Amino acid sequence: MDIPRIPLGSWIESGLRWLTSEYSVVTRGISRFTQSGIDGLNDGLMWLPDWALMALIALLCWRLASVRLAIGAVAGLALIWNLGLWNPMIETLTLVVIATLVAVVIALPIGIVAALSERLYRVIMPVLDFMQTMPAFVYLIPAIPFFGIGAVSAIFATVIFSMPPAIRFTTLGIRQVPTELIEAADAYGATRGQKLFKVQLPLSLPTVMAGINQTIMLALSMVVIAAMIGADGLGSEVWRAIQRLRPGDGFEAGIAVVILAMLLDRLTQSLRKSRR
């Protein structure tokens with residue numbers, strides 16, 4: 001039998017063309033707003049002298065974690081500065097911070113509602129499975145027609161790719177709150193909002209912080225991939241080294257990415273432990 005091929009790709013392309021034509025005004029507005037936020041944060045971090053930003057990060061590491069992490073942060077950041085990758089590191093940090101904030105703002109309400117609603121939980125879990133198993137490069141495809149080449153498209157793709165862990169861990173943390181505590185809150189006459197904000201969310205905060213940690217790590221990995229669509233930062237340094245066959249430059253940028261990832265990971269882990 002000659003079974004006709006399902007034109008799935010044509011349907012997707014038609015849908016993307018319709019969305020970009022119908023909602024171009026909205027996407028342009030979002031693009032301008034996001035780009036202004038990127039430029040503002042990036043200019044603010046660039047305005048600080050190198051040594052001042054190192055000192056602020058070291059102080060933050062010391063207050064939140066330990067002296068050891070503060071010393072390691074200074075050593076790692078000094079190595080990045082010595083390699084001449086300070087400005088690309090700032091650009092990467094800007095993209096990661098903005099993408100993580102957007103992802104968390106979207107993910108936390110969805111995770112809370114999914115934890116409280118069994119119907120939404122059953123609907124959202126297959127969607128999250130789809131989002132996490134889809135290859136990361138595919139998210140770059142719809143970003144370009146919506147927002148064009150550049151950092152805004154990178155943040156759009158990064159948010160979609162990094163959001164599922166925050167939703168999953170928020171849902172998991174709220175669902176793991178002991179039923180005895182929920183029953184005690186009911187016995188004292190707590191409303192649904194009081195149970196959520198005074199019992200469930202505080203007890204699930206370490207798990208939620210673990211989800212945010214995973215979101216940051218995925219955002220950092222996706223920002224590097226997004227250099228293929230014009231995002232600046234350490235990812236563009238790696239991509240440029242690949243194009244020019246310069247393995248040394250690529251490894252230097254990769255080491256800078258590792259240092260930044262370890263620093264962000266240790267900071268979020270220390271936050272989770274302190275909250276616990």
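The structure displayed is predicted, hence computed values, not measured ones.
- No side-chain donor-acceptor contact under 3.5 Å links Ser117 to the backbone of Ala114.
- In this structure, Leu205 is not a member of the same hydrophobic cluster as Val113, with clusters built from ILVMFWY side-chain heavy atoms closer than 4.5 Å.
- Within the 4.5 Å cutoff, side-chain heavy atoms of Ile30 are placed close to those of Val26.
- Within 6.0 Å of CH2 on Trp62 lie no more than 12 heavy atoms contributed by other residues, nucleotides or ligands.
- Nearest heavy atom pair, residue Ile38 against residue Ala151, reads CD1-CB, 3.8 Å.
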query: Going through the checks in order, is the side chain to side chain contact (heavy atoms under 4.5 Å, CB included) test met by Thr215 and Met163?
result: CA-CA 6 Å; Thr215 297; Met163 198 166 41; over 6 Å; no

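- When all heavy atoms of Ala256 and Leu85 are compared, the closest pair comes out as CB-CD1, 4.0 Å.
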message: With side chain to side chain contact (heavy atoms under 4.5 Å, CB included) as the criterion, how do Trp81 and Met89 come out once you've worked through the C-alpha distance, each side chain's angles and the decisive distance to 0.1 Å?
response: CA-CA 9 Å; Trp81 175 83; Met89 186 274 294; over 6 Å; no

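- Gln194 contributes a side-chain N or O that, together with a main-chain N or O of Thr191, makes up a donor-acceptor pair within less than 3.5 Å.
- Proximity of Val208 to Phe169: side-chain heavy atoms (C-beta onward) are nowhere separated by under 4.5 Å.
- For the pair Arg175 and Tyr121, the cation sits on the ring face: its NZ or CZ lies under 6.0 Å from the ring centre, inside 45° of the axis.
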- request: Apply side chain to side chain contact (heavy atoms under 4.5 Å, CB included) to Phe161 and Gln132, showing your working.
  value: CA-CA 7 Å; Phe161 180 70; Gln132 287 188 289; over 6 Å; no

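- Residues passing the side chain to side chain contact (heavy atoms under 4.5 Å, CB included) test with Asp249 are Ala241, Arg246, Glu252, sequence neighbours excluded.
- To the nearest 0.5 Å, atoms CG (Leu128) and OG1 (Thr133) are separated by 10.5 Å.
- Put simply, the side chain of Arg28 does not reach to within 4.5 Å of the side chain of Phe33, judged on heavy atoms.
- Interatomic distance, Leu234 CG to Leu220 CG, rounded to the nearest 0.5 Å: 8.0 Å.
- By the 4.5 Å heavy-atom criterion applied to side chains, Ser31 and Phe156 are not counted as neighbours.
- Residues Ile110 and Ile106 meet the side-chain proximity criterion, which asks for heavy atoms closer than 4.5 Å.
- Using a 4.5 Å cut-off on side-chain heavy atoms (C-beta onward), Ser204 and Leu172 make no contact.
- The side chain to side chain contact (heavy atoms under 4.5 Å, CB included) search around Ser66 returns Arg68, Leu69, not counting sequence neighbours.
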- prompt: Can you check side chain to side chain contact (heavy atoms under 4.5 Å, CB included) on Leu93 and Leu264, steps first, answer last?
  reply: CA-CA 10 Å; Leu93 181 62; Leu264 294 174; 4.3 Å; yes

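- For the residue pair Asn87 / Glu91, no side-chain donor-acceptor distance below 3.5 Å is found, with atom types taken as modelled.
- Taking OG of Ser153 as the reference point, atom OH of Tyr139 lies at 16.0 Å (rounded to 0.5 Å).
- Across Val238 and Gly254, no two heavy atoms sit closer than the pair CG2-N, 4.2 Å.
- Asp186 and Arg192 are not joined by a salt bridge, as no carboxylate oxygen comes within less than 4.0 angstrom of a charged side-chain nitrogen.
- Summarising the geometry of Glu237 relative to Ala253, their closest heavy-atom pair is CB-CB, 3.7 Å, with the distance given to 0.1 Å.
- For Thr158 against Ala154, the heavy-atom pair with the smallest separation is OG1-O, 2.5 Å.
- Scanning for side chain to side chain contact (heavy atoms under 4.5 Å, CB included) contacts around Ile259 gives Leu79, Ile80, Ile255, with sequence neighbours left out.
- The side chain to side chain contact (heavy atoms under 4.5 Å, CB included) test with Pro165 singles out one residue from Leu218, Ile216, Thr170, and that residue is Leu218.
- Val257 is not listed as a side-chain neighbour of Thr92, based on a closest heavy-atom distance of 4.5 Å or more.
- Leu59 and Val67 fall within the same hydrophobic cluster, defined by Ile, Leu, Val, Met, Phe, Trp and Tyr side-chain heavy atoms under 4.5 Å apart, directly or through other members.
- Counting only heavy atoms from C-beta outward, the side chains of Ile12 and Arg17 never approach each other to under 4.5 Å.
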